[in-house]
Number of protein chains: 2
Amino acid sequence: MDQGLTIKEVAHITGLSEHTLRYYERIGLLDAIERASNGHRRYSERDVAWIEFLNRLRLTGMPIRHMQEFADYRRQGDPTIRQRRCLLEAHEQALVQQIAALERHLTAIRDKIQHYNLIFVQHYKTMEITENANE
Amino acid sequence: MDQGLTIKEVAHITGLSEHTLRYYERIGLLDAIERASNGHRRYSERDVAWIEFLNRLRLTGMPIRHMQEFADYRRQGDPTIRQRRCLLEAHEQALVQQIAALERHLTAIRDKIQHYNLIFVQHYKTMEITENANE
DNA sequence: TCTTGACTTAGAGTACGCTCTAAGATGTAC
DNA sequence: GTACATCTTAGAGCGTACTCTAAGTCAAGA
């Protein structure tokens with residue numbers, strides 16, 4: 001009917017729930033989505049690409065209010081490309097920091113696992129000795 | 001007074017708020033902290049090391065309920081080392097996945113920035129042409 | 001003695017990002 | 001025509017992790 005993707009299809013493609021897609025539209029992350037003659041939403045490929053980009057920003061920890069700011073600039077078109085690039089570069093830097101921090105934590109967690117391995121081996125040896133003593 | 005670190009000191013060292021330190025104790029992430037004669041908390045070095053470890057788990061996305069499970073095992077002592085190692089190994093794997101996902105997103109975001117750079121250059125060229133035409 | 005400040009408690013409140021509900025409209029299958 | 005699915009809306013509710021409040025205790029300093 002009419003053309004474009006249904007909310008169900010877009011939910012499936014993007015991994016967001018239908019609830020979330022409506023919510024994102026309501027809070028201005030998405031421009032008003034086109035409607036079929038019965039009032040149902042019909043998403044374009046461009047909408048889907050934008051939703052996937054938004055999702056990327058969310059999954060990398062950008063708060064909704066920053067995404068709203070970004071979406072506002074996007075609505076204003078070409079003259080705001082500089083601002084959008086600037087926001088995105090700041091987010092890129094934050095992401096680089098975030099990954100670096102996670103890698104430090106990963107190293108520390110691996111050290112802890114290694115520590116447990118050592119304790120476990122010691123524990124095992126102690127049990128062997130105990131078993132031998134019991135013979 | 002007495003010995004050990006005050007809650008203020010530990011908040012400063014760990015970067016958690018005093019509220020959060022009390023909260024973590026209340027929900028069983030921390031064993032009952034020792035008290036000075038006036039009832040004020042006095043944290044040991046061991047407490048601080050454990051708090052820093054908990055913080056690492058939080059900062060890498062572990063939900064509180066998993067941390068509680070981990071803390072419960074810890075309270076039970078040596079016999080649960082195997083379980084703790086197992087939990088930690090699962091978290092290590094999750095973290096590796098998480099970092100990999102973030103790196104994919106980072107690449108995509110950089111592509112988008114590059115895309116903006118191209119548009120910007122085109123925009124600039126167009127303006128030059130317009131200026132020349134105006135001469 | 002009075003004030004100040006650091007702490008204590010139980011429990012209420014908040015921010016965030018969804019997630020769900022209820023009531024209603026529309027289109028398809030039998 | 002009637003059952004059913006799929007969608008619509010406004011607005012309420014929820015889970016997580018804090019974060020704050022109010023009332024009170026205690027000890028040191030002027």
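Residue numbers start from 1 in every chain, and the chains themselves are labelled A, B, ... in the order their sequence lines are given, proteins ahead of strands.
- The backbone N or O of B:Met62 lies less than 3.5 Å from a partner atom in the side chain of B:Arg58, making a donor-acceptor pair.
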Between side-chain atoms of residues 111-121 of chain A and protein atoms elsewhere (two or more places apart, or another chain), which donor-acceptor pairs fall under 3.5 Å?
residue	atom	partner	partner atom	Å
A:Asn117	OD1	B:Arg85	NH1	2.7

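- A rotation axis mapping the C1' atoms of four pairs onto the next four is fitted at both ends of the helix from C:dT1-D:dA30 to C:dC30-D:dG1 over five pairs, and the angle between these axes is 10° to 10 degrees.
- Under the side chain to side chain contact (heavy atoms under 4.5 Å, CB included) criterion, A:Arg35 pairs with A:Glu25, A:Arg41, sequence neighbours left out.
- Rounding to whole angstrom units, CD1 of residue B:Ile27 and P of C:dT9 are separated by 15 Å.
- Considering only side-chain N and O atoms, B:Thr6 lies under 4.0 angstrom from the phosphate OP1 or OP2 of C:dC7.
- Remark: A:Tyr24 is in phosphate contact with C:dC18, judged by side-chain N or O atoms under 4.0 Å from OP1 or OP2.
- In terms of the side-chain hydrogen bond (donor to acceptor under 3.5 Å, both in side chains) criterion, residue partners of B:Arg56 (sequence neighbours excluded) are, by chain and number, A:His105.
- In this structure, the OH atom of B:Tyr23 is 21 Å from the C1' atom of C:dC7, given to the nearest Å.
- Residues forming a side-chain hydrogen bond (donor to acceptor under 3.5 Å, both in side chains) with A:Gln98 (at least two apart in sequence, or on another chain): none.
- For DNA chain D, the residues of residues 57-71 of chain B within the heavy-atom distance limit of 4.0 Å (strictly under) are B:Arg58, B:Pro63, B:Ile64, B:Arg65, sorted by number.
- With rounding to whole Å, B:His19 atom NE2 is found 17 Å from C:dG11 atom P.
- Remark: the B:His40 side chain and the B:Thr6 side chain contain no N/O donor-acceptor pair separated by less than 3.5 Å.
- You'll find that the side chain of A:Asn38 is closest to C:dG27, out of D:dC7, C:dG27, C:dT21.
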Scan nucleotides 9-13 of chain D against the protein and return all N/O pairs shorter than 3.5 Å with their distances rounded to 0.1 Å.
residue	atom	partner	partner atom	Å
D:dT9	OP1	A:Arg35	NH2	3.1
D:dT9	OP2	A:Arg41	NH1	3.0
D:dT9	OP2	A:Arg41	NH2	2.7

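- Both A:Ile27 and A:Met67 are part of a single hydrophobic cluster, where members link through side-chain heavy atoms under 4.5 Å apart.
- Sorted by residue number, the list of members of residues 43-54 of chain A with any non-hydrogen atom under 4.0 Å from DNA chain D is empty.
- Each salt bridge (Lys or Arg N to Asp or Glu O under 4.0 Å) pair with one or both residues in residues 59-75 of chain A, not counting sequence neighbours, appears once here: A:Asp31-A:Arg75, A:Asp72-A:Arg75.
- Taking every side-chain heavy atom of B:Lys8 into account, C:dC7 is the closest of D:dC7, C:dC7, D:dT19.
- Exactly one residue among A:Ile51, A:Val10, A:Leu21, A:Asp47 makes a side chain to side chain contact (heavy atoms under 4.5 Å, CB included) with A:Ile33. That residue is A:Asp47.
- Considering only the side chain of B:His40, C:dC7 comes nearest among D:dC7, C:dT19, C:dC7.
- For B:Thr80, the side chain to side chain contact (heavy atoms under 4.5 Å, CB included) test picks out B:Tyr73, B:Gln76, B:Gln83, B:Arg84, with sequence neighbours left out.
- A straight line from CG of B:Leu29 to C1' of D:dA17 spans 11 Å, rounded to a whole angstrom.
- Using a 30° and 60° split on the angle between ring planes, B:Trp50 and B:Phe70 fall in the parallel class, below 30°.
- Applying the salt bridge (Lys or Arg N to Asp or Glu O under 4.0 Å) test to every pair with at least one member in residues 12-23 of chain A, sequence neighbours left out, gives these pairs: A:Glu18-A:Arg22.
- Rounded to an integer number of Å, the gap from A:Leu21 CG to C:dC20 C1' is 15 Å.
- Looking at every heavy atom in both residues, B:Ser17 comes nearest to B:Ala11 through C-CB, 4.2 Å.
- C:dT8 atom P lies 8 Å from atom CD of B:Glu18, rounded to whole Å.
- For B:Arg82, there are no side-chain hydrogen bond (donor to acceptor under 3.5 Å, both in side chains) partners, not counting sequence neighbours.
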